[in-house]
Amino acid sequence: MQIATWNVNSIKQRLEHLLAFASTEQPDVICLQELKCQNEAFPALEIEGAGYNIAHLGQKSFNGVAILSKHPLEDIRIGLPGDATDEQARYLEAVVAPVGGAAIRVASIYLPNGNPVDTPKFDYKLSWMDRLIQHTRSLLALEEAFVLAGDYNVIPNAKDAANPQEWVGDALFRPESKERFQALLNLGLIDALRSCTDEASLYTFWDYQAGSWQRNNGIRIDHLLLSPQAADLLQSVSIAKELRSWDKPSDHVPVIARLKQ
DNA sequence: ATGGCTTTCTACGAAAGA
């Protein structure tokens with residue numbers, strides 16, 4: 001089973017890219033972030049036409065997450081527990097249940113950016129991460145295979161940035177953000193890509209500005225975190241870097257994990 | 001760089017993103 005995550009930066013602007021990616025890679029599951037689209041405007045017919053079942057959580061202008069699956073989706077859960085007042089569309093969870101196969105729980109995550117750090121936006125990021133840690137504890141208690149896939153807006157280590165000094169003080173690289181990401185790993189989650197390679201220069205985001213792509217000034221902020229039961233199934237991880245060179249690209253590219261069965 | 005692009009919105013500049 002192939003599970004992909006991709007921040008598309010507007011599902012409407014990226015629909016043709018999504019259909020091309022789906023046709024070429026044929027992932028079983030695609031977790032999307034930054035739909036920037038309300039539910040009623042989601043291009044469901046086109047995506048269903050490509051063979052996917054859809055769970056989506058949209059909102060006007062910003063945010064928005066979806067799970068696309070070639071297999072039936074069950075037990076769809078909307079929103080990250082822990083704050084009933086949080087109205088931002090950043091978390092969606094479902095069980096992907098292949099007919100006659102083993103089910104796997106999948107979440108599509110759009111973790112808050114958190115900049116500027118001297119504002120409530122950074123507090124929101126940190127409290128959102130604390131809620132994610134708490135929710136992960138409850139998921140781990142189920143002792144199931146699950147994947148938390150998405151745009152974490154965290155650069156885990158200096159080797160995950162081409163120019164780490166540029167990010168010192170930024171919400172994506174602040175110690176408080178990195179510590180909470182590490183806390184997720186300390187619970188027992190596995191960073192899928194880092195479990196396969198220690199290689200540097202592996203990035204998933206290049207800013208639209210300042211020729212970041214041409215200069216390969218990237219960062220790795222899109223991650224698939226696996227439960228121990230899912231990590232046992234992991235075969236390989238790849239970054240679909242070539243999509244960043246397409247016409248009118250997202251500033252993020254997909255990351256794909258391949259699991260046995 | 002006081003974000004150099006890109007996207008969205010009851011738009012025609014501002015806000016958000018990272």
Side-chain angles (χ1 to χ4, degrees), chain A residues 5-18 21 31-43 56-66 86-91 108-129 132 149-181 193 201-223 239 241 243-255:
Chain A
T5 182
W6 188 15
N7 178 323
V8 288
N9 186 17
S10 168
I11 184 64
K12 291 182 196 169
Q13 293 296 324
R14 229 62 63 197
L15 181 58
E16 293 309 313
H17 284 198
L18 172 65
F21 171 69
C31 296
L32 300 176
Q33 302 88 36
E34 270 208 278
L35 304 177
K36 295 188 170 179
C37 166
Q38 296 184 93
N39 282 341
E40 51 270 34
F42 188 89
H56 57 104
L57 173 62
Q59 87 180 73
K60 191 173 169 182
S61 303
F62 308 113
N63 307 325
V65 286
D86 184 0
E87 295 183 340
Q88 299 195 32
R90 295 180 176 276
Y91 187 92
S108 183
I109 289 174
Y110 180 42
L111 207 148
N113 174 299
N115 283 306
V117 294
D118 58 351
T119 69
K121 292 188 174 188
F122 190 52
D123 300 324
Y124 175 64
K125 177 181 191 142
L126 298 181
S127 63
W128 205 96
M129 294 188 82
L132 182 60
D151 175 0
Y152 281 74
N153 271 314
V154 175
I155 303 166
N157 290 290
K159 68 159 49 169
D160 298 309
N163 298 111
Q165 69 281 4
E166 283 182 14
W167 297 94
V168 172
D170 191 283
L172 279 65
F173 201 49
R174 279 279 294 246
E176 299 93 325
S177 307
K178 291 188 286 187
E179 285 164 7
R180 283 166 174 78
F181 186 85
L193 184 124
S201 307
L202 296 174
Y203 310 128
T204 65
F205 169 91
W206 295 261
D207 200 292
Y208 287 124
Q209 302 180 77
S212 294
W213 167 246
Q214 290 75 10
R215 294 154 55 174
N216 195 27
N217 184 12
I219 51 178
R220 190 176 73 93
I221 56 175
D222 299 272
H223 311 296
I239 300 172
K241 184 178 181 180
L243 270 70
R244 190 63 178 77
S245 69
W246 291 3
D247 189 47
K248 296 275 180 187
S250 170
D251 38 8
H252 298 249
V253 296
V255 185

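Each chain gets a letter, A, B and so on, in the order the sequences are listed, and its residues count up from 1.
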(request) For A:R90, answer base if it contacts any base atom (sugar-phosphate contacts may also be present), sugar-phosphate if it contacts only those atoms, and nothing otherwise; contact means non-hydrogen atoms under 4.0 Å. (result) sugar-phosphate
(message) Suppose you measure atom C1' in B:dA11 against the same atom in B:dA16; what distance do you get, rounded to whole Å?
(response) 15 Å
(request) Determine the Euclidean distance between corresponding C1' atoms of B:dC5 and B:dT10; express it in Å to zero decimal places. (result) 25 Å
Distance-only donor-acceptor pairs under 3.5 Å for side chains of residues 155-165 of chain A, two or more places apart:
residue, atom, partner, partner atom, Å
A:K159, NZ, A:D198, O, 2.7
A:D160, OD1, A:R194, NH2, 2.9
A:D160, OD1, A:R220, NE, 2.8
A:D160, OD1, A:R220, NH2, 3.4
A:D160, OD2, A:N157, N, 3.0

(message) Just to verify, which of A:K125, A:Q33, A:R90 counts as forming a side chain to side chain contact (heavy atoms under 4.5 Å, CB included) with A:L111?
(response) A:K125
(message) Distance check, P atoms only: B:dG4 and B:dA15, in whole angstrom units.
(response) 14 Å
(request) Name all residues meeting the salt bridge (charged side-chain N to carboxylate O under 4.0 Å, His left out) criterion together with A:R180; count only those two or more places apart in sequence or in a different chain, and write none if there are none. (result) A:D130
(message) Can a donor-acceptor pair be found, under 3.5 Å and without considering hydrogens, that links the side chain of A:D251 to the backbone of A:F205?
(response) no
(message) Just to be sure I understand the rule, does A:D151 reach a base, reach only the sugar-phosphate, or reach nothing, if contact means heavy atoms closer than 4.0 Å?
(response) sugar-phosphate
(request) Report yes or no: do A:W206 and A:N217 form a side-chain donor-acceptor pair below 3.5 Å? (result) no
(message) Work out how far the C1' atom of B:dT2 is from that of B:dA14, and round it to whole angstrom.
(response) 16 Å
(message) Does A:Y152 reach a base, just sugar-phosphate, or nothing at all? Heavy atoms under 4.0 Å.
(response) nothing
(request) Please work out whether the ring planes of A:H17 and A:W246 are parallel, tilted or perpendicular, with thresholds of 30° and 60°. (result) perpendicular
(request) Would you mind telling me which residue lines up with the more 5' stretch of DNA chain B, A:I221 or A:D170, judged by nearest nucleotide? (result) A:D170
(message) Taking side chain to side chain contact (heavy atoms under 4.5 Å, CB included) as the criterion, tell me which of A:N9, A:L18, A:L243 meets it with A:S250.
(response) A:N9
(request) Would you mind classifying the nucleic acid contact of A:N7 as base, sugar-phosphate or nothing, using non-hydrogen atoms under 4.0 angstrom? (result) sugar-phosphate
(request) Using a heavy-atom cut-off of under 4.0 Å over every strand shown, decide if A:N153 touches base, sugar-phosphate, or nothing. (result) sugar-phosphate
(message) Please confirm whether the shortest side-chain N or O distance from A:R215 to OP1 or OP2 of B:dG4 is below 4.0 Å.
(response) no
(message) For nucleotides 6-15 of chain B, give me one character per nucleotide, 5' to 3': B if any protein heavy atom sits under 4.0 Å from the base, S if the only such contacts are to the sugar-phosphate, - if neither.
(response) SSSSS-----
